[in-house]
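Just below is one structure, and these are the notes that go with it.
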Amino acid sequence: MTDLPVAVIGAGPQGLAAAAHLLERGLTPLVLEQGSEPAAAVAEWGHVRLFSAWPELIDKAAARLLEPTGWEAPAKGYPTGAQWRERYLVPLADALGDHIRYSATVTGVSRKGRDRLVDAGRAEQPFVLHVTAADGTEERLEARAVIDASGTWRRPNPAGADGLPALGERAAHAAGALGYAVPDRANPAAYAGRHTVVIGAGDSAFNAVNELTAIAKDNPGTRITWAIRRAVSTNTFGGGEADELPERGALGVRARKAVNDGSVELVTGFRTERVDGATVTAEDGRSIEADQVVVLTGYRPDLGFLSEMRLDLDPTLEAPRNIAVQIDPNLHSCGSVSATGAKDLAQPEPDLYLVGMKSYGRAPTFLAMTGYEQVRSVVAELAGDHDAAARVELELPDTGVCGGAGVFDDPESTTSGGCCGTPAPSEEIFTISRTPITLS
Ligand SMILES: Cc1cc2nc3c(=O)[nH]c(=O)nc-3n(C[C@H](O)[C@H](O)[C@H](O)COP(=O)(O)OP(=O)(O)OC[C@H]3O[C@@H](n4cnc5c(N)ncnc54)[C@H](O)[C@@H]3O)c2cc1C
């Protein structure tokens, strides 16, 4: 098997970094990317400005691969997704050359001649990847190990509060009345002079509220309603000044300001049940009549093509079990998360690793630097350097979000207990609507 490549699924920031580490360790990467270009997912949110600064967005092995080509690492500032691609990810993909295959969608991963049930000789058999090209041609590729860096971008969570599409959600999406992308102030047509409802409560929802607020400033008659499942608590607007990534903290602070100055109407305790055109209705009967619905409720991993693999995932988050304990929003945390490596990511299926955004399953707090540390450790393990694999070379910045204790999504709860301090004074927010309403 040592002649076979290590298959890397996805040429996003993490798959590309994994390939750079593999080359540095003398292993052969074969990166399979479903899109026709590198970092195809990042390309789709290219207008969004990252809250991480340039040095936090560049993998060290990737930089070592790029430096001899004359590439210079951008030293400061916060790129947009498009700039991240243009100034780092695309040059990195160019440097990896033929090690990447585009328009190659992985539809299945198995062990040669062994389905999931078969124990005999399992670990000695190569992996077989089922790959489909853009024209539908099928192929089988063998690999000695598999690093799944396929992200979660193509599996957005639905608006439905029960985790399934709300009644009418698919039809609204097909009709163009409901979408899953952060609005772009440079393309205001769908929102200018119209009423948009944003559903969701994380960083992407903050971004959406901030983009729409910018559009509203230039376009009279633009209305924004923001519907969240929770009550307003210490955590609703992120970690603010307590966030060790200042631009991440600032996203929520800006969104809170938009609520406080009346630019945005915040509706709390809203559990979406139905969508009819662009009218969304909650379980308790409240309706918001809008022209456009923007759903930003997080993402989930695609585990379908791993159905023949033996996985040990957390039943709640769908993340490798040892990682989930760090990031489960139901568990109490004081804002700190540890770095994770090969040991945490290892699966019952030897030499298979889920890394990057996908390794966080449904949890929303993944950072590129978390993934770069993961791929460093995983590749060291695959290369037999167990000491380097076990070493932790990263300390993650605190989120400033004190969460969990099992009540993170309780609409009645305004505190999270433990180290979380006192709840935000709710009178600060004066446009919250909790009584049954019809907004039009
Ligand atoms: C809007 C937004 C802003 C973010 N901002 C930050 C930030 O400021 N700082 C930070 O640290 N992190 C940020 N993140 C989180 C994270 O760093 C990024 O999502 C990052 O792109 C994750 O990298 P990835 O390689 O794991 O996944 P992706 O970027 O999603 O790449 C996965 C790749 O796999 C491909 N793929 C998927 N399925 C298959 C398949 N079956 N076969 C073949 N190829 C496949 C996809 O086409 C894609 O190119 C942000 C995320 C989003 C969505």
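Remember, predicted model here, so these are calculated numbers, not experimental data. Just so you know, ligand 1 is whichever comes first in the structure, and atom 1 is the first atom listed for that ligand.
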>> For R154, state whether at least one heavy atom is located under 4.0 Å from any atom of ligand 1.
In response: yes
> Non-hydrogen atoms of G371 versus ligand 1: any pair closer than 4.0 Å?
Replying inline: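 Not so, G371 does not reach ligand 1.
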> Is atom 42 (N) of ligand 1 in close reach of the protein, with a heavy atom under 4.0 Å away?
Replying inline: yes
Nitrogen or oxygen of [X] less than 3.5 angstrom from that of ligand 1:
| X | answer |
| --- | --- |
| G356 | no |
| A11 | no |
| Y299 | no |
| W84 | no |

> In terms of atom number and element, which parts of ligand 1 are under 4.0 angstrom from non-hydrogen atoms of L367?
Replying inline: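 Answer, ordered by atom number: 10 (C), 11 (O).
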> Under 4.0 Å from any heavy atom of L32, which atoms of ligand 1 are there?
Replying inline: 43 (C), 44 (N)
Can you tell me which residue and heavy atom of the protein come closest to [atom], and the distance to 0.1 Å?
| atom | result |
| --- | --- |
| atom 34 (O) of ligand 1 | G10 CA, 3.2 Å |
| atom 25 (O) of ligand 1 | Q14 N, 3.0 Å |
| atom 8 (O) of ligand 1 | F51 N, 2.8 Å |
| atom 28 (P) of ligand 1 | A41 CB, 4.1 Å |
| atom 51 (C) of ligand 1 | W45 CZ2, 3.8 Å |
| atom 31 (O) of ligand 1 | G12 CA, 3.5 Å |
| atom 44 (N) of ligand 1 | Q34 N, 3.0 Å |
| atom 11 (O) of ligand 1 | A368 N, 2.7 Å |

For ligand 1, is any non-hydrogen atom under 4.0 Å from [X]'s backbone (N, CA, C, O), its side chain (CB onward), both, or neither?
| X | result |
| --- | --- |
| S52 | both |
| V355 | neither |
| P38 | neither |
| V42 | side chain |

> Given side chains that start at C-beta, do those of R122 and E349 come closer than 4.5 Å, heavy atoms only?
Replying inline: yes
> Is the closest side-chain heavy-atom distance between L178 and E169 below 4.5 Å?
Replying inline: yes
> Going through the distances and angles, do H130 and V128 end up as a side-chain contact (heavy atoms from CB on, under 4.5 Å)?
Replying inline: CA-CA 7 Å; H130 291 215; V128 178; 4.1 Å; yes
> For atom 32 (C) of ligand 1, which of G304, A149, G108 has the closest heavy atom?
Replying inline: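 Shortest heavy-atom distance from atom 32 (C) of ligand 1: A149.
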> Which is closest to atom 29 (O) of ligand 1 by heavy-atom distance: S103, P13, A18, G151?
Replying inline: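 Result: the heavy atom closest to atom 29 (O) of ligand 1 is in P13.
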>> Looking at every non-hydrogen atom in both residues, tell me the closest pair between P13 and L89 and how far apart they are.
In response: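 Scanning both residues, the minimum pair turns out to be CA-CD2, 3.6 Å.
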> If every non-hydrogen atom of Q14 is compared with every non-hydrogen atom of V375, which pair is closest and at what distance?
Replying inline: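 Closest approach of Q14 to V375, heavy atoms only: O-CG1, 3.9 Å.
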> Any salt bridge between E44 and R154, counting N to O under 4.0 Å?
Replying inline: yes
>> Under a 4.0 Å threshold between the charged nitrogen and the carboxylate oxygen, would K112 count as salt-bridged to E142?
In response: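 Result for this pair is yes, salt bridge flagged.
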> Where do N219 and Y191 land on the side-chain contact (heavy atoms from CB on, under 4.5 Å) test, with the steps shown first?
Replying inline: CA-CA 9 Å; N219 296 279; Y191 314 100; over 6 Å; no
>> Are H173 and Y180, when compared by the centres of their aromatic rings, separated by less than 6.0 Å?
In response: yes
> Checking S377 side chain against E373 main chain: does a donor-acceptor pair fall under 3.5 Å?
Replying inline: no
>> Strictly distance-based, threshold 3.5 Å: is any side-chain N or O of E211 a donor or acceptor partner for the main-chain N or O of A208?
In response: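 Answer holds: no.
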> Is the cationic atom of R144 (NZ for Lys, CZ for Arg) positioned less than 6.0 Å from the six-membered ring centroid of F127 and within 45 degrees of its normal?
Replying inline: no
> Going by the angle between their ring planes, with limits at 30° and 60°, are Y372 and Y88 parallel, tilted or perpendicular?
Replying inline: perpendicular
> Just how far is it from atom CD of Q374 to atom OG of S359, taken to the nearest 0.5 Å?
Replying inline: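 Rounded to the nearest 0.5 Å, the CD-OG separation comes out at 3.5 Å.
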